[in-house]
Amino acid sequence: MPTRRRGGPVPNGASNAEGERELLSPADLARTVARIAHEILEKTAESGAPVVLLGLPTRGIHLARRLAERITAIDADATVAVGTVDPTLYRDDLRRQPTRPLAETDIPAGGIDDVIVVLVDDVLMSGRTVRAALDALRDHGRPRAVQLAVLVDRGHRELPIRADYVGKNVPTNRAEDVVVSLSECDGADGVAIR
Amino acid sequence: MTVQPDATGIGLRHLLSTEGLRREQAEALLDTAASMEQALTGRAVRKLPTLRGRTVVTLFYENSTRTRVSFEVAGKWMSADTINVSASGSSVGKGESLRDTASTLAAAGADAIVVRHPASGAPHRIAGWLDRVGHSHTDGHVAVVNAGDGTHEHPTQALLDAATLRRRLGADLTGRRVAIVGDVLHSRVARSNAHLLATLGAEVTLVAPPTLLPAGVDAWPVTVTHDLDAHLATGPDAVMMLRVQAERMHGGFFPSAREYAVRFGLSARRADTLPDHAVVLHPGPAVRGMEIASAVADSDRAAISEQVTAGVHVRMAVLYHLLAGEDSR
């Protein structure tokens, strides 16, 4: 699980006092979300299957909602449902740390059978959260396909998992933190590294 | 729902009573129970891998259907191995002591022991013994859950009652007025609820004849009255009816069943005086016509089957917090 400590947005460009470097400005982030929305439309259109965006708590939920808004803004006929899936109960590291609180799970009313599920998260690192989410999906139904959209791919994979849609590839070392801020929960948009 | 990404467990090793449970612990358990319900709603497969490889033993020295089934289902839905031991059919019948039975179960690999016992304090004693001894293959800690001990406590019942009230009345019970009516003297449910609901900020009133109130009730965080009609007229948000425990009645606590039903039973006429939003709870098994009229027990106001469903989610939450993380060891 990548560490994602929260901090305020840094001024455009250089590092601030805490050694934080900006990767995406608020405008970059909006453009990135718009691009991923286009890619999802393009990649899922030919199958004709409905698309369900499932956000992974916490910031993936907000990103999934933003993507759904962009997709329907681009194509009013697109059928996109949004929900959330909390993979906590499926994690393989539960016994390695104190009991984790659970987050919201909200599968859209139509279920996920025969739809294209796009899992949405902010940062992809080890891939373990995504694996847990895949296991959770299996108990909710059988989608036609499952895809993965992330805002930042920072490397250090521990499982054979890759994202279908990537906002930005960022080479990092393990000691660094990638900090994603979204206005819904952090007051402002931005992605920084420290 | 409160979700703290950086929360570090709730510091629960056993669940022996609601007295002494901190508000944040109680709310974490109730939030987890709500998440369990969400996680299982509308699914094709009601099975979570969370407690795979963990063993939960239910050790019941008293009869029970709902509590035992509820713990067993809770464990199974999270993939724990659940094993039921009852006093009849085990070595208890051969005269084995409680202590020896408990250490046998621990040595055989139990990660949690869910105990129901007619003696108040039995689960507490077991937890004390097991904490001192320790068992190598369970990393030294076996969690003990009190599933009802004598006339003392029944904490998971109180938690499921609180979970039901939160579903009906909203997640914050601060200032909500709850009446607990009937045989408080013999009721572990009443004691657990009085403490838990007070901890959650609710105002609890006990309504009972003086003969069915325990000594020391002055020290509970409640007010006491003997007049049901007068109290219902104040418009409580919830009324919890207690079962008249005939099996524990060894003296004349009230003149006749009929007089009890007339003075302390929840009749349809009495239920009609409640505010529209008010909830009627009963821990079950209900004695219809005694403490609660059939028409009331079957009305929309009554949450009796919701309570049973909430019981599974609450017990999943308890097992999750006791067994899933590293701080449980």
Side-chain angles (χ1 to χ4, degrees), chain A residues 1-6 52 54-61 83-114 121-123 129 131-143 177 179-180 182 185-186, chain B residues 1-13 15 24-25 27-54 74 77-80 111 138-139 141 143 171 313 316-329:
Chain A
M1 175 103 183
T3 25
R4 296 178 296 192
R5 265 185 281 116
R6 300 297 136 204
V52 174
L54 291 179
L56 302 181
T58 306
R59 283 166 190 79
I61 298 174
T84 67
V85 60
D86 174 24
T88 308
L89 294 165
Y90 293 82
R91 295 194 70 92
D92 59 8
D93 55 0
L94 285 173
R95 291 180 67 173
R96 290 165 172 256
Q97 42 191 297
T99 315
R100 290 161 169 270
L102 304 184
E104 186 188 355
T105 293
D106 176 20
I107 303 292
I112 57 167
D113 283 340
D114 302 317
D121 205 358
D122 53 354
V123 179
T129 306
R131 184 209 60 84
L134 289 170
D135 284 351
L137 286 185
R138 199 182 58 164
D139 288 348
H140 283 278
R142 185 178 184 280
D177 283 340
V179 185
V180 174
L182 295 175
C185 49
D186 309 301
Chain B
M1 193 175 2
T2 39
V3 176
Q4 292 110 13
D6 57 347
T8 52
I10 60 171
L12 205 62
R13 284 172 58 81
L15 181 64
E24 67 271 19
Q25 290 176 315
E27 289 188 334
L29 285 169
L30 294 168
D31 288 343
T32 303
S35 302
M36 290 292 180
E37 179 180 2
Q38 259 189 355
L40 290 169
T41 303
R43 295 165 43 121
V45 180
R46 280 190 299 190
K47 196 88 172 170
L48 300 161
T50 317
L51 297 182
R52 221 155 52 95
R54 299 293 202 146
W77 282 1
M78 289 196 293
S79 304
D111 295 296
T138 52
D139 303 304
H141 179 61
H313 301 135
M316 289 174 77
V318 169
L319 294 176
Y320 176 72
H321 281 285
L322 288 175
L323 295 181
E326 67 171 3
D327 62 346
S328 67
R329 295 198 258 171

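These figures come from a predicted structure and were not determined experimentally.
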Practice task
Identify the residues of residues 107-114 of chain A whose heavy atoms come closer than 4.5 Å to a heavy atom of chain B, ordered by number, or report 'none'.
Solution key: none

Exercise for the section: Go through A:T88, A:L94, A:L89 and name the one with the most non-hydrogen pairs under 4.5 angstrom from chain B. Expected result: A:L89

Handout entry: Evaluation steps, side-chain hydrogen bond (donor to acceptor under 3.5 Å, both in side chains), between A:R91 and A:T129
Key = CA-CA 7 Å; A:R91 295 194 70 92; A:T129 306; 3.2 Å; yes

Handout entry: Pairs involving residues 37-49 of chain B, ordered by first then second residue, that meet salt bridge (charged side-chain N to carboxylate O under 4.0 Å, His left out) (sequence neighbours left out)
Key = A:D139-B:R43, B:E37-B:R167

Practice task
Would you check if the side chain of A:T105 reaches a backbone N or O of A:D86 as a donor-acceptor pair within less than 3.5 Å?
Solution key: yes

Exercise for the section: Using modelled atom types only, decide if a donor and an acceptor are shared between the side chain of A:Y90 and the backbone of A:R131 within a distance under 3.5 Å. Expected result: no

Exercise for the section: Check salt bridge (charged side-chain N to carboxylate O under 4.0 Å, His left out) between A:D106 and all other residues, then give those that pass, not counting sequence neighbours. Expected result: none

Problem - All side-chain contact (heavy atoms from CB on, under 4.5 Å) counterparts of B:A28, not counting sequence neighbours - result: B:I10

